[in-house]
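First comes the structure, then the notes that go with it.
The chain is numbered in sequence order, starting from 1. All ligand and atom numbering here is 1-based and tracks the order in the structure. Note that the coordinates shown come from a computational prediction; the quantities given were computed from them, not determined experimentally.
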Amino acid sequence: MAIVSSNAGAASPRREPVLDAQPSPEESSGRPDDGLRPKRLDDYIGQAELKQVLGIAVQAALGRGEALDHVLLYGPPGLGKTTMALVLAEELGVTCRITSAPALERPRDIVGLLVNVQPRDLLFIDEIHRLNRVAEELLYPAMEDRRLDLTVGKGSTARTRSLELPPFTLVGATTKAGSLSSPLRDRFGLIQRLEFYGQEDLEAIVSRTADLLKVSLSAAACRRIAGCCRGTPRIANRLLRRVRDVACVQGRQDQIDEGLVTQALSLHRVDHRGLDAGDRRLLAQLDQHHGGGPVGLDTLAAALGEDPTTLESVVEPFLLQQGLLVRTPRGRMLTDAARDHLREQEAA
Ligand code: ADE
């Protein structure tokens with residue numbers, strides 16, 4: 001399977017790199033994780049339901065000699081949407097053309113992509129909720145009728161010309177399925193959500209990555225990394241690379257134990273629940289300066305010197321998911337679990 005990538009732009013809010021589930025610039029340009037990605041459905045760990053649904057769709061499409069129906073993958077960052085698109089292309093034996101919506105700024109960007117598509121190719125558009133209207137409207141007939149409607153000329157001489165396209169599969173990925181327009185969403189034949197991974201699957205992923213990186217982890221070390229990665233393989237693999245750095249410096253790549261993982265995690269200020277310094281700062285701010293809340297997002301962001309959007313979209317989701325923070329109509333509130341966690345950390 002060939003991979004063709006055009007990935008310009010796509011800036012996202014940046015924070016502590018180790019625990020941020022967004023790809024780092026290196027990862028989005030496809031370097032460090034490339035060799036670590038599973039290539040086939042059988043190698044892809046977790047997401048059992050997704051694998052079952054897509055496996056059947058692939059088998060059926062191959063049996064009929066048709067292109068796979070268009071697929072929308074949605075869910076939090078770092079769970080393997082790009083990886084799944086690459087796996088699908090491999091299973092189908094076709095080329096995967098990778099791009100992201102912010103790179104399709106001008107009409108000619110999407111036109112260029114579509115006119116170059118080969119029969120049954122897979123076109124992957126990341127962050128598809130960010131497509132502009134023109135690009136989106138060019139996609140509708142392309143997805144539905146395999147037709148590219150081009151406007152030639154200007155003003156009163158403008159005419160529409162239609163180009164026939166070969167059968168192809170569009171795989172769209174988004175962290176915000178709700179931001180997709182319904183006409184676009186309705187054109188996907190398969191709409192699948194990726195879930196956070198459980199401890200067992202994460203341990204299997206960490207162990208697989210350790211083998212690929214040729215480092216030797218004890219079972220306890222593997223468990224520890226899996227427990228701190230916020231249910232997200234991208235974070236698990238990044239933590240493992242930071243652990244490997246410490247092991248390298250100490251000449252211990254072949255004997256990484258829990259103690260070494262603890263050293264690396266504390267170097268990056270990641271605690272046993274997978275919270276980092278920024279998370280704890282937010283919880284401590286609420287606890288110590290606002291009596292546990294409720295406090296409005298803007299007030300909290302100003303007190304922490306953070307941008308409210310970053311706070312809301314990057315810092316808060318994991319704290320909410322962990323039951324450490326609640327959102328009420330009057331603002332954010334700390335939970336008893338968060339108070340216990342802060343006390344525990346102070347005592348440690
Ligand atoms: N590496 C990252 N995500 C993975 C997954 N779901 N399965 C196997 N290896 C992975």
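Protein heavy atom in closest approach to atom 3 (N) of ligand 1: Pro233 CB, 3.5 Å. Nearest protein neighbour of atom 6 (N) of ligand 1, counting heavy atoms only, is Ile45 O, 2.9 Å. Closest protein heavy atom to atom 10 (C) of ligand 1: Pro38 CD, 3.6 Å.
Judged as a side chain to side chain donor-acceptor pair (under 3.5 Å), the pairs with a partner in residues 216-225 (not counting sequence neighbours) are, in order, Arg224-Thr262.
In Asn237, the part holding a heavy atom less than 4.0 Å from any atom of ligand 1 is the side chain.
Electrostatic pairing of Arg120 and Glu66 does not count as a salt bridge here, judged by no charged N lying under 4.0 Å from a carboxylate O.
For Gln285 (side chain) and Leu300 (main-chain N/O), no donor-acceptor pair under 3.5 Å exists by modelled atom type.
Here the shortest heavy-atom distance to atom 8 (C) of ligand 1, taken over Asp201, Asp43, Leu79, belongs to Asp43.
Grouping the Ile, Leu, Val, Met, Phe, Trp and Tyr side chains by contacts below 4.5 angstrom, directly or via other members, places Leu139 with Val111.
Checked against side chain to side chain contact (heavy atoms under 4.5 Å, CB included), Arg106 has the following partners two or more places apart in sequence or in another chain: Arg108, Asp109.
For Arg208, a nitrogen or oxygen atom sits less than 3.5 Å from a nitrogen or oxygen atom of ligand 1, counting backbone and side chain alike. Remark: ligand 1 and Ile205 share no N or O pair separated by less than 3.5 Å (distance only, no angle test).
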>> Show, in sequence, the C-alpha distance, side-chain angles and deciding distance for Glu136 and Tyr140, and conclude whether the side chain to side chain donor-acceptor pair (under 3.5 Å) test is met.
In response: CA-CA 7 Å; Glu136 199 172 312; Tyr140 296 158; 2.5 Å; yes
> Can you list the steps and then say if Asp145 with Arg187 is a salt bridge (Lys or Arg N to Asp or Glu O under 4.0 Å)?
Replying inline: CA-CA 11 Å; Asp145 303 318; Arg187 282 170 170 83; over 6 Å; no
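Less than 4.0 angstrom separates some heavy atom of Tyr197 from each of these atoms of ligand 1: 6 (N). Heavy-atom contacts of Tyr44 reach the following atoms of ligand 1: 6 (N), 7 (N) (cutoff under 4.0 Å).
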